[in-house]
Amino acid sequence: MYIKEIPQFEGKEVVLKGWVANRRDSKGLVFINLRDGSGLCQCIADANKISAEEFENAGKLSLESAAEIHGTVVKDERQIGGFEIQVTKLIVIQIAEEYPIAKKEHGIEFLMDKRHLWLRSQRQWAILRIRNTIIYSIHQFFQKEGFVQMDAPIFTGNACEGTTNLFETDFYGDPAYLSQSGQLYGEAMAMAFGKIYTFGPTFRAEKSKTRRHLSEFWMIEPEVAFMDIHENMDLIENFLQFVIRAVLDNCQNELKLIDRDTSILESSLKKFPRLSYDEAVAIIKGEKDVNGQNSIKSLEDELAKVELAIAAANAEIADREAKLAVPGMKKGEINFNQNKIATLKNDLKDLEEQQRNIPQWIQSAKNFEYGNDLGGSDETVITRLFDVPVMVYDWPHEVKAFYLKRNPNDQRFARGVDVLAPEGYGEIVGGGERETDEQKLRDKIIEHDLPMAEFEWYLDLRKYGSVPHAGFGLGLERLVTWLCKLKHVRESIPFPRMYGRLLP
RNA sequence: UCCUUGAUAGCUCAGCUGGUUAGAGCGAGUGACUGUUAAUCACUAGGUCCCUGGUUCGAGCCCAGGUCAGGGAGCCA
C-alpha cells in the first residue's frame with residue numbers, strides 16, 4: 001500500500017510504511033507528515049484513540065524516523081492530496097538521529113555533501129521523478145519509431161573529437177579513455193540496423209565550473225541511415241515535443257511542487273524556428289529583429305528592469321530592518337522579518353550578478369565576430385527572443401567537428417545543427433549530417449591533427465556502402481534542467497560528478 | 001587555466017573605522033498548549049572566527065601565502 005493510492009481507500013483502514021517528513025505536537029495530538037517515496041500524507045495520532053505507549057512513541061518520532069502506521073483514511077480538503085489518516089496503530093521501525101537537513105534554507109555546498117539525504121526532500125524528489133518520465137518517454141519515442149537501442153563502448157582507444165579533455169584509465173597496461181561520445185560507433189551501428197539510438201554515460205574532463213557542465217552525464221545519440229540534415233531537424237523536433245508532451249501529461253503534480261510555470265513548455269509544442277548561422281549572427285548583433293524585438297534593445301530593457309528590482313529589494317530590506325529596530329515586536333514576527341530579509345538578500349545576489357552580466361552580454365553580442373562559435377551569452381541573447389527551442393544550422397565548418405558534411409551549395413558551411421532551449425538554457429542538442437566521402441574525411445582528420453590510424457575502422461564505413469546519414473546527441477541533464485527550469489545541472493542527476501565533486 | 005566573490009555555533013547569517021566578555025534566527029534538549037502545515041510561546045546547552053606567517057599595546061576585522069567553495073569566461077551536451 002502506497003500513499004499515492006490513498007484516494008481509492010476513503011473510509012477504509014490502511015497500512016503505510018514510511019519516513020517522518022515533519023512532526024508537530026499539541027497536547028493530546030501528534031501530527032506526522034509521512035513520506036513513503038510515492039507521496040506525502042498527514043497522519044494524526046490522537047491520545048484518546050491509541051494506547052498510551054503508542055502515543056508516547058508518536059511523540060518520539062524525530063525527523064526521518066521510520067514507522068509503520070495503521071489508520072483510517074479521512075477526506076480533508078486542507079491536506080496535501082486531500083486526505084489524512086486517523087492513526088489506529090503505530091509501530092516504530094527506527095528512531096532517527098538528529099537529521100542534518102533542517103526545514104530551512106541551506107547552502108549548496110552543505111546540501112551537495114548531504115546529497116544522499118537531500119534526495120529525500122520534496123523538490124529533489126519531484127525533479128528526479130520528472131527525469132524518470134523523460135527517460136521513459138525517450139525510449140518510448142524511439143521504440144515506437146522503430147529505432148534499435150544499441151550502446152556504444154565506454155572504454156575507447158581514440159579521442160572521437162580530439163579537442164576536449166579525456167579521462168585516462170589503464171586498460172591492461174595501455175591507455176584507454178572514458179567515452180566522450182558514442183557518435184562514431186553509432187554511425188557503424190546505423191549502417192547495420194538502419195535506425196539506432198544509444199543511451200549511455202559520457203565523460204568530459206573539463207575543469208568547468210558553470211551551471212551547465214558535468215564531468216559525467218547521460219547522452220542519447222540517435223543515428224539514421226539515408227537521412228539528411230532537414231529530416232534530422234524534423235526528427236529532433238518530433239522527438240523533443242514527444243518528451244515535452246509526456247512530461248506535461250504525466251508530471252503535473254511534480255511540476256507544481258517545483259513551481260514550474262509550464263507556459264513555455266506548452267508553447268514549445270509549436271514549430272521550432274530554423275535559423276541558418278548567418279541569420280542567427282544577424283539577430284545576435286541586433287541587425288535583424290525577431291517579431292519586432294531587437295536583441296540589444298531587449299537586453300537594455302532587461303537591465304533597466306533588474307536595476308528597478310534591486311532598488312525595490314533594497315528598499316524593502318531597509319524597511320523591514322527599521323521595523324526590527326523598534327523594540328516590542330513579537331518573536332514570531334521577528335523571525336518572519338528576519339527570514340524575509342535573508343530571502344531578499346539572496347535574491348539581491350542573483351540580481352546583482354545579472355546587473356554585472358548583462359552589460360557584458362551586450363558587449364559580446366555587439367562585437368560578435370562572424371565565423372566564431374556561439375558563446376554561452378550569445379545563446380542566451382538569441383533564445384530570449386523566442387518562446388520555443390530554436391534550431392541553428394549550417395555552421396562555419398572550421399568551428400565544427402571533423403565528421404560533418406559540407407553544404408554542397410556553399411562549401412563554407414558544415415551541415416551541423418544545434419538546438420538552443422529557451423529561457424536562457426542554451427544548447428541541449430548538437431547534431432548534423434555526416435560526411436560520406438572518405439577522402440574529405442581524411443583531409444579533415446589531418447586538418448584537426450588527429451591520429452589517422454585510430455580512425456581507419458571509421459573510414460571503412462565510407463568504403464562499403466557509404467550513404468547519406470545524420471543524427472544528433474541530446475544531453476539528458478540539460479534537458480531535465482530546462483524542463484524543470486533549474487538553476488544548475490547538478491540537481492538534474494541523483495549523484496552529480498563535476499570538477500571538485502566525487503562524494504557522495 | 002583566467003576573472004570575480006566568499007569561508008564566524010549543527011544550519012543560514014550579522015559583527016561598524018582594529019578595542020575589552022563574539023551575536024541573532026533556525027535546528028537540538030526541557031516544559032506549556034486538542035487541528036498543526038517551516039505551528040506558536042518560555043527556558044537551556046552549543047564557538048580551533050578555514051590554515052600558516054606577519055603588522056600592532058591590541059586582529060574575526062589589516063597584509064602575504066595557501067586550502068576549499070560559489071558565480072562567470074574558455075570548451076561543450
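Because the structure is predicted, anything quoted here is derived from the model rather than measured. Letters A, B, ... are given to chains in the order of the sequence lines, protein chains preceding strands, and every chain is numbered from 1.
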Exercise for the section: Using the P atom as the reference point in each nucleotide, state the distance between B:rA73 and B:rA9 in Å, no decimals. Expected result: 32 Å
For B:rA7, the nucleotide meeting Watson-Crick or G-U wobble distances (both under 3.5 Å) is B:rU67
C1' atom, B:rU1 versus B:rC75: distance in rounded Å?
12 Å
Picking from B:rA69, B:rC76, B:rG71, the nucleotide nearest the side-chain atoms of A:Glu379 would be B:rC76
Which part of the nucleic acid does A:Gln86 contact within heavy-atom distance under 4.0 Å: base, sugar-phosphate only, or nothing?
base
Review point. If you measure from the C1' atom in B:rC16 to the same atom in B:rC33, how many Å do you get, rounded?
Key: 42 Å
So, does the side chain of A:His213 form a donor-acceptor pair with the base of B:rC76 at under 3.5 Å? yes
**Asked** Looking only at atom types and distance, does a side-chain atom of A:Asn238 sit under 3.5 Å from a main-chain N or O of A:Gln241, one as donor and one as acceptor?
**Response** no
Judged by modelled atom types alone, do A:Glu187 and A:His469 share a side-chain donor-acceptor pair under 3.5 Å? yes
When rounded to whole Å, the CD to C1' distance for the pair A:Glu97 and B:rG27 reads 15 Å
Within the 4.0 Å heavy-atom criterion, would you say A:Asn372 contacts the bases, only the backbone, or no part of the nucleic acid?
nothing
Rounded to whole Å, CG of A:Asp113 lies from P of B:rA69 at a distance of 9 Å
Q. Base, sugar-phosphate, or nothing: which does A:Asn48 touch, judged by heavy atoms less than 4.0 Å apart?
A. base
Separation of B:rG10 atom P from A:Glu64 atom CD, nearest Å, is 22 Å
Across every strand shown, the nucleotide meeting Watson-Crick or G-U wobble geometry with B:rA24 (both distances under 3.5 Å) is B:rU12
Any side-chain donor near an acceptor of the partner, A:Asn367 and A:Glu369, under 3.5 Å: no
query: Taking the side chain from A:Thr88 and the backbone from A:His70, do they hold a donor-acceptor pair closer than 3.5 Å?
result: yes
With rounding to the closest Å, how many angstrom separate the P atoms on B:rG6 and B:rC13? 13 Å
Whole-Å distance, A:Leu374 CG to B:rC75 C1', equals 13 Å
Problem set entry | A:Phe217 aromatic ring stacked with six-membered ring of B:rA77, 5.5 Å and 30° | yes
Okay, side chain of A:Ser65, backbone of A:Ala96: is any donor-acceptor separation there less than 3.5 Å?
yes
Side-chain contact check for A:Asp25: nearest option of B:rG35, B:rC33, B:rG72 is B:rC33
Considering only heavy side-chain atoms of A:Glu84, the closest of B:rA39, B:rG35, B:rC75 is B:rG35
Quick note, A:Arg24 side chain, CB onward, closest among B:rU37, B:rA77, B:rG35 is B:rU37
A:Arg115 atom CZ is separated from B:rA69 atom P, nearest whole Å, by 17 Å
A:Phe110 CZ to B:rG70 P, in whole Å, measures 15 Å
Side-chain contact check for A:Glu98: nearest option of B:rA28, B:rG35, B:rA73 is B:rA28
**Prompt:** In terms of the angle between their ring planes, are A:Phe203 and A:Phe167 parallel, tilted or perpendicular, with boundaries placed at 30° and 60°?
**Reply:** perpendicular
Counting the atoms with a prime plus P, OP1 and OP2 as sugar-phosphate, which does A:Gly107 contact under 4.0 Å by heavy atoms, base, sugar-phosphate, or nothing?
sugar-phosphate
Taking B:rC11, B:rG35, B:rC75 as options, the one with an atom nearest any side-chain atom of A:Arg212 is B:rC75
> Heavy atoms under 4.0 Å, any strand shown: does A:Arg501 hit a base, just sugar-phosphate, or nothing?
Replying inline: nothing
Euclidean distance for C1', B:rG71 against B:rA28 (whole angstrom):
33 Å
### Query
Base, sugar-phosphate alone, or nothing: which one does A:Gly426 contact when heavy atoms must sit under 4.0 Å apart?
nothing
When both distances are under 3.5 Å in a Watson-Crick or G-U wobble arrangement, the nucleotide paired with B:rU1 is B:rA73
Practice prompt. Tell me what A:Leu214 touches on the nucleic acid: a base, only sugar-phosphate, or nothing, going by heavy atoms under 4.0 Å.
Written response: base
Assert: residue with more 5' nearest nucleotide on RNA chain B, out of A:Phe31 and A:Gly376, is A:Phe31
*asked:* Regarding A:Leu29, tell me which of base, sugar-phosphate or nothing describes its non-hydrogen contacts under 4.0 Å with the strands shown.
replied: base
Rounding to the closest angstrom, what is the interatomic distance between B:rG65 and B:rU5 at atom P?
15 Å
Per nearest nucleotide of RNA chain B, the residue lying toward the 5' end, A:Asp46 or A:Gly475, is A:Asp46
Worksheet item: In whole Å, what separates the C1' atom of B:rC61 from that of B:rU56?
Response: 13 Å
Closest to the side chain of A:Ile108, out of B:rG35, B:rG70, B:rG71, is B:rG70
In whole angstroms, the gap separating C1' of B:rC76 from CD of A:Glu477 amounts to 14 Å
Main-chain N/O of A:Gly186 paired with A:Tyr197 side-chain donor or acceptor, under 3.5 Å: no
Applying the 3.5 Å cut-off to both distances, the Watson-Crick or G-U partner of B:rA42 turns out to be B:rU30
When rounded to whole Å, the OH to C1' distance for the pair A:Tyr499 and B:rG70 reads 14 Å
Flag for A:Glu491-A:Gln124: side-chain donor and acceptor within less than 3.5 Å = yes
Legend entry - Atom C1', compared across B:rA22 and B:rG46: separation rounded to whole Å: 14 Å
Quick note, A:Thr210 side chain, CB onward, closest among B:rG72, B:rG35, B:rC76 is B:rG72
- Kindly state whether the ring of A:Phe472 and the ring of A:Phe239 have centres lying under 6.0 angstrom apart. yes
Which part of the nucleic acid, if any, lies within reach of A:Gln42 when heavy atoms closer than 4.0 Å are counted: base, sugar-phosphate only, or nothing? base
For this session: Check whether any side-chain nitrogen or oxygen of A:His488 sits under 4.0 Å from OP1 or OP2 of B:rG71, and answer yes or no.
Result: yes
